[in-house]
Protein chains: 2
Amino acid sequence: MLKHQAIANKLKSYIDDNQLSHGTKLPSLTELMEMYGVSKNTMMQALKNLENSHVVYQVQGSGIFVRRRQRQDYDPLFQNTAGFFGNFHERITNRVLAFEKLPAEPEIAKNLQLPVGSLVYRILRLQYLDGKPFWLEESFYVADLVGHLPATVAEGSIFSYLRAQGLKIGFSDKYFDSVLLDEAQAKLLDLPPNSPALRLEDIYYLNDGRIFDYSRTYCQAKFYAQSN
Amino acid sequence: MLKHQAIANKLKSYIDDNQLSHGTKLPSLTELMEMYGVSKNTMMQALKNLENSHVVYQVQGSGIFVRRRQRQDYDPLFQNTAGFFGNFHERITNRVLAFEKLPAEPEIAKNLQLPVGSLVYRILRLQYLDGKPFWLEESFYVADLVGHLPATVAEGSIFSYLRAQGLKIGFSDKYFDSVLLDEAQAKLLDLPPNSPALRLEDIYYLNDGRIFDYSRTYCQAKFYAQSN
DNA sequence: GAGTGGTCTAGACCACGAG
DNA sequence: TCGTGGTCTAGACCACTCT
């Protein structure tokens with residue numbers, strides 16, 4: 001564990017445990033450096049992390065303060081590389097609707113930047129959050145890059161499996177817009193037909209820049225994102 | 001201009017001007033340090049910037065590479081503090097539908113964390129991107145924090161005006177989901193009734209953590225966001 | 001093992017804010 | 001003017017990748 005990350009975690013725990021409210025002033029940079037026994041640069045980096053994850057905000061010449069968002073009934077939009085479900089894997093369950101290995105159709109091939117007909121896995125899943133249908137996901141994995149995928153992995157986290165196999169997941173492009181669900185989609189998600197929903201398309205890259213996954217998902221959840 | 005920022009800009013220009021494609025290898029960290037005459041830390045920070053803005057990706061032990069997203073017909077979702085319109089202010093025009101100063105209703109007061117009845121400005125605008133209706137925005141500004149707002153500012157960028165008045169804008173919380181437009185909204189946006197749309201609610205804070213703006217916007221655009 | 005990215009330090013100096 | 005956050009440097013040392 002990186003030093004600045006460890007410190008960031010400790011500070012965050014401190015804020016959470018003591019339930020400090022928005023605007024509460026924290027010790028000064030110099031004091032924090034001494035408290036944690038690190039250099040200024042490292043402490044700054046820890047604070048930068050916390051600022052980027054919206055736990056604190058810093059005001060030059062004045063101090064470091066606790067930041068809190070108002071609404072709690074929304075899910076985080078971007079958590080980390082693993083996609084939307086950064087820290088609540090436990091709350092997710094899956095129902096696999098399709099699992100097959102087939103040659104890529106033109107549109108899929110284009111998104112994966114492969115020749116048409118290259119072998120891909122297609123996985124269609126309905127995901128439940130806390131037992132409620134939440135997320136309809138169709139994803140395509142490049143067979144050459146992910147190796148053999150046993151059908152059972154689709155029941156759990158595919159990304160965790162791939163990481164365990166030594167794949168290094170790097171970053172992703174996300175495209176999204178708003179659509180009407182068709183009848184089949186709405187039924188699966190337990191919504192009336194013609195409900196509005198978010199559609200998200202993801203293109204995932206390995207850490208060396210090669211595309212290994214294209215997926216599209218539909219949901220009707222509420223999200224939040226914080227920005228600086 | 002910060003040194004690491006200036007360097008990041010130069011490198012980005014270099015990549016754009018030469019139209020380097022995804023995966024192109026850049027000079028090594030040490031070479032870049034020498035080329036720009038800065039310390040390792042500073043160069044790293046410049047590269048971190050570029051990595052966060054999805055211009056490059058770094059692979060330890062291997063090198064620094066150009067990153068490109070595939071689709072160009074999407075708008076950026078998060079650009080910077082100024083909200084959605086980071087770098088394309090010029091393409092935006094406004095039609096002001098309402099401009100008034102009034103006591104805050106309970107729901108608005110709650111979002112602004114003010115007592116009910118506090119004075120706020122309410123501004124309803126239709127925004128055009130490249131001349132096409134694009135974005136329906138209703139926003140509420142805290143009168144005590146923004147001072148006197150002449151009605152004419154609503155025709156341009158309100159945030160630019162506020163900044164010019166010395167207000168320091170800090171960060172924001174963004175909440176979004178998908179909804180059906182009602183008849184009036186759809187008409188304004190030049191869409192059929194019952195079209196699906198994205199709804200975005202924003203809560204903007206000053207750099208000292210006080211809320212000064214709450215707004216909700218509706219649109220049917222396509223967005224992208226990249227993540228690491 | 002050579003080369004490349006990544007973390008950390010100690011200390012100099014700058015920029016902003018509050019009294 | 002003083003305390004606080006913010007930037008930059010030079011150099012030590014670590015971790016990964018490629019051959």
Side-chain angles (χ1 to χ4, degrees), chain A residues 1-11 23-52 55-67 81 145 163 166-171 205-210 228, chain B residues 1-11 23-52 55-67 81 145 163 166-171 205-210 228:
Chain A
M1 166 82 56
L2 297 180
K3 216 163 182 176
H4 70 261
Q5 214 166 92
I7 292 169
N9 290 344
K10 278 188 205 167
L11 227 188
T24 305
K25 184 166 183 173
L26 295 172
S28 77
L29 187 54
T30 324
E31 289 170 312
L32 289 170
M33 283 167 59
E34 286 162 3
M35 285 170 56
Y36 293 113
V38 294
S39 75
K40 185 166 183 173
N41 246 319
T42 307
M43 196 62 229
M44 280 292 288
Q45 206 168 349
L47 289 169
K48 196 89 155 186
N49 290 171
L50 292 175
E51 188 162 316
N52 289 338
V55 173
V56 305
Y57 58 97
Q58 299 175 74
V59 185
Q60 186 166 153
S62 172
I64 302 160
F65 305 87
V66 174
R67 174 172 177 188
T81 316
L145 293 180
R163 252 194 291 270
L167 235 65
K168 301 205 174 177
I169 297 168
F171 43 87
Y205 297 76
L206 296 178
N207 83 134
D208 64 5
R210 288 179 296 173
N228 296 321
Chain B
M1 167 82 58
L2 297 179
K3 217 162 182 175
H4 70 261
Q5 215 166 91
I7 292 169
N9 290 345
K10 276 189 205 167
L11 226 189
T24 304
K25 183 166 181 172
L26 296 172
S28 76
L29 187 54
T30 325
E31 289 171 311
L32 288 169
M33 282 167 59
E34 285 162 3
M35 285 170 57
Y36 293 113
V38 293
S39 74
K40 185 166 184 171
N41 245 319
T42 306
M43 195 62 229
M44 280 292 289
Q45 206 169 348
L47 289 169
K48 196 88 156 187
N49 290 170
L50 292 175
E51 188 161 319
N52 289 337
V55 173
V56 304
Y57 58 96
Q58 299 175 76
V59 186
Q60 185 166 154
S62 172
I64 302 160
F65 305 87
V66 173
R67 174 172 176 187
T81 317
L145 293 180
R163 254 194 290 268
L167 235 64
K168 302 206 173 176
I169 297 168
F171 43 87
Y205 298 76
L206 296 178
N207 84 133
D208 64 5
R210 288 179 296 173
N228 295 323

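Quick note on labels: first sequence line is chain A, next is B, and so on, each numbered from 1. Both backbone and side-chain heavy atoms feed into the values below; hydrogens, waters and symmetry mates do not.
- A heavy-atom distance below 4.0 Å to DNA chain C is reached by none of the residues of residues 4-11 of chain B.
- You can see that DNA chain D meets the heavy atoms of chain B within a 4.0 Å-exclusive cut from D/dT7 to D/dT17, reading 5' to 3'.
- Residue B/Lys168 has no polar side-chain atom (N or O) positioned under 4.0 Å from OP1 or OP2 of C/dC16.
- Atom-to-atom, CG of B/Leu26 to C1' of C/dG5 comes out at 13 Å; the value is rounded to the nearest Å.
- Non-hydrogen atoms lying under 4.0 Å from DNA chain C are contributed by A/Val38, A/Ser39, A/Asn41, A/Thr42, all within residues 37-49 of chain A.
- Position along DNA chain D of the nearest nucleotide to A/Asn207 versus A/Ser28 favours A/Ser28 as the more 5'-ward residue.
- For B/Asn207, there are no side chain to side chain donor-acceptor pair (under 3.5 Å) partners at least two apart in sequence or on another chain.
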Without placing hydrogens or testing angles, list every side-chain donor-acceptor pair under 3.5 Å for residues 25-37 of chain A, not counting sequence neighbours.
{"residue": "A/Lys25", "atom": "NZ", "partner": "A/Ser62", "partner atom": "O", "Å": "3.0"}
{"residue": "A/Ser28", "atom": "OG", "partner": "A/Glu31", "partner atom": "N", "Å": "3.3"}
{"residue": "A/Ser28", "atom": "OG", "partner": "A/Glu31", "partner atom": "OE1", "Å": "3.3"}
{"residue": "A/Glu31", "atom": "OE1", "partner": "A/Ser28", "partner atom": "N", "Å": "2.8"}

Can you give each donor-acceptor pair under 3.5 Å made by side-chain atoms of residues 39-49 of chain A, sequence neighbours left out, with the distance rounded to 0.1 Å?
{"residue": "A/Ser39", "atom": "OG", "partner": "A/Thr42", "partner atom": "N", "Å": "3.4"}
{"residue": "A/Ser39", "atom": "OG", "partner": "A/Thr42", "partner atom": "OG1", "Å": "3.1"}
{"residue": "A/Asn49", "atom": "ND2", "partner": "A/Gln45", "partner atom": "O", "Å": "3.3"}

Check your understanding: Should B/Leu206 and B/Lys168 be marked as a side-chain contact (heavy atoms from CB on, under 4.5 Å) after you check the CA-CA gap, both sets of side-chain angles, and the distance that decides it?
Key -> CA-CA 6 Å; B/Leu206 296 178; B/Lys168 302 206 173 176; 5.8 Å; no

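- Listed by chain and number, the residues in a ring pair (Phe, Tyr, Trp, His ring centres under 6.0 Å) with B/Phe65 are B/Tyr57 (sequence neighbours excluded).
- Sorted by residue number, the members of residues 57-66 of chain B with any non-hydrogen atom under 4.0 Å from DNA chain D read B/Gln60, B/Gly61.
- Atom P of nucleotide C/dT4 and atom CD of B/Glu34 are separated by 11 Å, given to the nearest angstrom.
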Side chains of residues 1-11 of chain B: which donor-acceptor pairs under 3.5 Å do they make with residues two or more places apart or in other chains?
none

